[in-house]
S.K.: 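Here you go, one structure.
Index from 1, following the sequence. Keep in mind that what you see is a predicted model, and the values were worked out from it rather than measured. Note that these values count all heavy atoms, side chains included, but never hydrogens, waters or copies made by symmetry.
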Amino acid sequence: MSSQFIGKKSKAAGGWGALKSCGKHLLAGGSPLAGAKTMLKANQPDGFDCPGCAWGDPEHGSSFEFCENGVKAVSWEATDKRVTPDFFAQHKVSDLRQWSDHDLENQGRLTHPLRYDATSDRYLPVAWDDAFNEIGRVLNGFDHPNRAEFYTSGRASNEAAFLYQLFVRLYGTNNFPDCSNMCHEASGVALRQAIGVGKGTVTLADFEQADAIFVVGQNPGTNHPRMLGDLRKAAMRGARIVVFNPIRERGLERFSDPQDKLQMLRGGSTAIASDYLQPRMGGDMAAFRGMSKAVFAADAAALAAGKPSVLDHDFLRQHTAEFEAYRAAVDATSWAEIEDQSGLTQAEIEWAANIYLGAKNVICTWAMGVTQHRHSVITIREIANFMLLRGNLGRPGAGLCPVRGHSNVQGDRTVGINEKPPAAFLDALAREFDFEPPRADGNNVLGAIGAMLDGSAQAFIGLGGNFARATPDSALVAEILGRQKLTVHIGTKLNHSHLLPGAVSFILPCLGRTEIDLNSKGVSQIVTVEDSMSMVHGSGGINEPASLELRSEVAIVAGMAAATVGSAKVDWAALADDYDLIRDHISRVLPGFEDYNIRVRKPRGFYLRNTAAVREWVTPAGRATFWAGALPEAVEHQAARHDKDVFVLQTFRSHDQYNTTVYGMNDRYRGIYGERNVVFMNQADIDAIGAKVADRVDVIGVHDDGRSRVAADFRLVPYDIPRGCVAGYYPELNVLVPIGTAGEMSDTPASKSILVRFQQRGR
């Protein structure tokens with residue numbers, strides 16, 4: 001069987017490969033100069049925010065610090081290709097469902113509001129006011145507001161998200177399934193429990209002062225490449241970078257900075273990871289429990305030798321609760337348990353612990369490799385426990401850093417996209433707009449899927465995103481979207497969710513982040529976002545709109561709101577015409593946003609105060625709180641080993657995609673070209689199942705819920721990954737992620753711990 005799709009891996013992340021990729025994507029938008037001009041115009045007085053990842057940018061307001069993925073995101077949006085009504089006249093919706101994710105989005109920008117016509121199986125143009133009025137009619141025809149689900153993507157601005165939550169709460173529900181439910185929900189839950197705030201505590205400046213950085217369950221080279229620049233600087237000044245990742249990722253091994261002319265000329269690169277440990281999937285909690293055990297052993301040895309304690313006892317006494325209970329839990333955990341669950345040896349774990357002990361300032365950073373497991377919340381609690389032992393919180397060069405995905409997923413939460421809203425926020429909203437918001441918890445993503453499945457929800461409105469492809473059990477979700485009485489999708493490009501129309505269905509095309517947004521006075525408006533470092537900054541468009549028919553996300557939300565709840569409480573038209581008015585409302589509703597309009601127009605914007613970063617602990621104990629539970633009885637790789645044919649699968653991105661947006665078919669950091677239906681597997685496991693490299697297999701979900709889940713026709717690729725663990729790309733493999741297997745306390749789909757087996761095709 002041919003294996004020509006397996007090729008040479010990049011020697012390092014970045015480098016000439018990144019520059020060549022940037023050139024290819026800049027030239028791929030239709031007009032050869034369109035993308036390049038976009039990048040050259042990116043420096044704007046009000047700042048420009050990349051529509052890609054949420055990594056902090058030290059130069060907002062003065063320059064656009066872009067990376068390969070930023071170029072892809074911007075050029076993908078700035079394309080000259082257009083999807084006009086003529087496109088839909090030529091293609092039935094049922095035919096378009098057979099197209100790939102890449103081919104759909106590669107058709108270009110949507111240009112007109114569209115309504116689905118079931119008779120012709122096509123989308124037809126519709127007037128904006130007609131669309132808004134029909135949406136309002138359907139929503140107001142339900143017997144209860146909870147019949148509708150209101151989804152949000154992390155690309156929505158603070159202004160659009162605030163207006164959206166206001167509209168929905170005036171309508172009468174807290175049903176806010178949000179993209180954060182599928183990624184960092186566990187981080188928010190765990191950190192609120194541990195330190196009183198559900199955000200990271202570090203800024204970019206802290207990376208310049210850290211002596212050691214623990215990078216856990218993430219792949220910056222593909223998911224947030226600008227982070228590699230900060231890791232490279234840290235490595236070059238001698239900081240130790242300790243990686244915990246089951247898979248060897250090129251970007252965590254070496255990085256060649258395309259902006260370093262000398263390094264590029266010499267073809268050199270910088271080693272990123274000083275130490276690379278490969279736990280089995282789901283083994284991170286045990287690894288951190290083991291490091292704590294090693295720290296306690298070192299402390300006991302130091303005290304026995306008459307030396308100072310290695311723990312920060314002043315910090316522990318003054319700022320923490322439940323320390324002794326945690327120490328007892330660690331003492332009760334054997335090395336045999338730790339080794340078995342982590343997949344690492346005691347020696348490996350002790351080595352990493354010694355790096356921690358030798359560093360004055362430590363940062364721990366993580367992403368979805370940690371958050372998308374059943375036991376993610378307690379894993380993050382364990383990470384926090386470990387960092388508290390030596391006071392690595394609330395001082396320069398140290399802290400906790402969950403790295404968010406989409407550019408404003410953190411900001412959307414801050415301004416009110418939350419199915420479990422805090423009472424203080426609702427109280428402030430009630431005072432500002434003179435109404436009583438709903439107080440009952442709403443649905444998150446899995447709750448929304450369940451409600452649509454059992455019929456209690458009958459409408460879906462998506463502010464961006466590609467819900468059908470991003471969610472678990474994607475075949476099931478595709479089926480239930482088509483049952484809805486109303487589906488509305490707000491977006492810039494065509495995707496598979498748009499092709500699953502309900503009884504009444506609209507596609508409403510919006511301006512992209514790159515486009516100029518003029519109000520009725522001809523003034524260009526800015527929107528704002530919040531990055532992973534809690535910096536809030538402005539973003540102004542730089543391109544002419546793809547179509548004169550486009551409206552901003554804010555204007556679309558305002559139009560739906562006016563047609564549904566009326567304008568007695570809120571002058572939606574005025575807010576849509578002047579975003580400063582929205583920010584004035586936010587400044588009165590949310591602490592930390594005082595003088596919003598003034599502060600956000602300063603270079604780099606402003607920092608939202610983080611209580612834990614200044615050692616103020618908004619927890620029931622009034623202190624940072626240790627978690628003192630036991631390790632899980634078993635994680636998936638331990639359960640799977642009882643059947644030699646069962647493996648633990650994790651989904652991840654290729655280097656040529658961002659979330660469900662697939663820019664191309666290559667993954668040069670992993671040596672894959674022109675193919676996406678692949679499964680990465682230890683060579684010994686390929687041999688053990690009697691297969692060969694590049695053999696074609698069906699991947700079959702192993703679950704006891706009675707539902708058959710099969711991802712058909714994938715190729716096996718040998719890779720440096722622990723035995724019993726396999727990996728492959730989403731959204732193609734999301735069909736295998738069951739909605740019934742989710743994070744405890746977070747409800748996050750367990751996309752990094754899916755039990756599967758393989759059936760070779762033709763056998």
Side-chain angles (χ1 to χ4, degrees), residues 21 24-36 38 51-52 69 71-117 120-126 131 153 155 462 464-470 474 478 481 487-501 505-515 543-551 553 556 654 656-666 674 676 729 731-732:
S21 175
K24 180 186 75 172
H25 286 279
L26 286 173
L27 296 173
S31 166
L33 295 178
T38 297
N69 276 12
V71 170
K72 290 176 183 177
V74 170
S75 59
W76 194 248
E77 183 173 276
T79 177
D80 280 355
K81 298 177 183 178
R82 300 289 182 263
V83 176
T84 67
D86 288 342
F87 173 86
F88 292 99
Q90 299 170 29
H91 300 287
K92 291 185 176 182
V93 168
S94 55
D95 293 334
L96 290 171
R97 287 193 200 109
Q98 310 309 312
W99 291 28
S100 71
D101 297 278
H102 172 266
D103 288 343
L104 285 174
E105 291 207 27
N106 198 39
Q107 300 310 302
R109 293 289 301 280
L110 293 158
T111 60
H112 290 71
L114 302 161
R115 188 189 192 282
Y116 180 67
D117 177 64
S120 64
D121 190 27
R122 287 178 167 87
Y123 275 102
L124 304 177
V126 63
S153 161
R155 275 192 55 167
N466 186 357
F467 188 79
R469 298 291 278 163
S474 47
L481 278 176
T487 55
V488 180
H489 300 283
I490 301 165
T492 57
K493 285 189 169 187
L494 188 64
N495 66 47
H496 272 285
S497 295
H498 304 162
L499 307 177
L500 302 164
S505 187
F506 294 95
I507 300 174
L508 304 181
C510 64
L511 293 171
R513 188 80 56 80
T514 60
E515 290 170 316
N543 287 339
E544 292 297 322
S547 164
L548 295 177
E549 287 287 328
L550 298 184
R551 296 194 180 184
E553 288 179 323
I556 294 171
S654 83
D656 245 359
Q657 75 178 96
Y658 192 81
N659 291 344
T660 60
T661 296
V662 178
Y663 301 122
M665 305 303 288
N666 298 335
R676 286 186 57 82
Y729 304 131
E732 289 83 356

S.K.: Show your working on side chain to side chain contact (heavy atoms under 4.5 Å, CB included) between Y123 and S505 and close with a plain yes or no.
M.R.: CA-CA 9 Å; Y123 275 102; S505 187; 3.2 Å; yes
S.K.: Looking only at heavy atoms, what is the nearest atom pair of S153 and G465, with distance?
M.R.: CB-N, 3.5 Å
S.K.: Check whether any side-chain heavy atom of L124 sits under 4.5 Å from a side-chain heavy atom of R115, and report yes or no.
M.R.: no
S.K.: In the structure I gave you, are the side-chain heavy atoms of Q657 and R676 within less than 4.5 Å of one another anywhere?
M.R.: yes
S.K.: Quick one: are S547 and P509 in side-chain contact, heavy atoms under 4.5 Å?
M.R.: no
S.K.: With rounding to the nearest 0.5 Å, note down the distance linking CG in L114 to CZ in F87.
M.R.: 11.0 Å
S.K.: For the side chain of T111 and the backbone of V83, is there at least one donor-acceptor N/O pair under 3.5 Å apart?
M.R.: yes
S.K.: Can you list the steps and then say if E77 with R109 is a side chain to side chain contact (heavy atoms under 4.5 Å, CB included)?
M.R.: CA-CA 7 Å; E77 183 173 276; R109 293 289 301 280; 3.9 Å; yes
S.K.: Can you measure from OH (Y116) to CG (L500) and round to the nearest 0.5 angstrom?
M.R.: 10.5 Å
S.K.: Give me the atom names and distance for the closest heavy-atom approach of D656 to N666.
M.R.: CB-O, 3.0 Å
S.K.: Side-chain donor-acceptor pair under 3.5 Å between Q107 and R82, yes or no?
M.R.: no
S.K.: Ignoring hydrogens and geometry, is there a side-chain-to-backbone donor-acceptor pair from T492 to G512 under 3.5 Å?
M.R.: no
S.K.: Measure the spacing between OG1 of T79 and CG of N543 and express it to the nearest 0.5 Å.
M.R.: 11.0 Å
S.K.: Could you measure the distance from the OG1 atom of T661 to the CG atom of N466? Nearest 0.5 Å is fine.
M.R.: 7.5 Å
S.K.: Looking at every heavy atom in both C510 and E553, which two are closest together, and how far apart are they?
M.R.: SG-CG, 3.9 Å
S.K.: Could you give the distance from OG1 (T514) to CD (E544), rounded to the nearest 0.5 Å?
M.R.: 11.0 Å
S.K.: Test side chain to side chain contact (heavy atoms under 4.5 Å, CB included) on V662 and S100 and set out the steps.
M.R.: CA-CA 9 Å; V662 178; S100 71; over 6 Å; no
S.K.: Below 30° counts as parallel, above 60° as perpendicular, anything between as tilted: where do the rings of H489 and H498 land?
M.R.: tilted
S.K.: Tell me whether D101 contacts the main-chain N or O of N495 through its side chain, where contact means a donor paired with an acceptor under 3.5 Å.
M.R.: no
S.K.: On the 0 to 90° scale, with breaks at 30° and 60°, tag the Y663-W76 ring pair as parallel, tilted or perpendicular.
M.R.: perpendicular
S.K.: Between L550 and E515, does a side chain to side chain contact (heavy atoms under 4.5 Å, CB included) hold up when you go through it step by step?
M.R.: CA-CA 10 Å; L550 298 184; E515 290 170 316; 4.0 Å; yes
S.K.: Hey, do the aromatic rings of W99 and H496 have their centres closer than 6.0 Å?
M.R.: no
S.K.: First locate atom OG of S474, then atom CZ of R469, and finally report the distance between them rounded to the nearest 0.5 Å.
M.R.: 6.0 Å
S.K.: Has R122 got a side-chain atom pairing as donor or acceptor with A89's backbone, closer than 3.5 angstrom?
M.R.: yes
S.K.: Donor-acceptor pair, distance only, cut-off 3.5 Å: does the side chain of R97 make one with the backbone of L499?
M.R.: yes
S.K.: Could you tell me whether E105 and K493 have a side-chain N and a carboxylate O separated by less than 4.0 Å?
M.R.: no
S.K.: Heavy atoms only: give me the nearest L110-G491 pair and the separation to one decimal.
M.R.: CD1-O, 4.2 Å
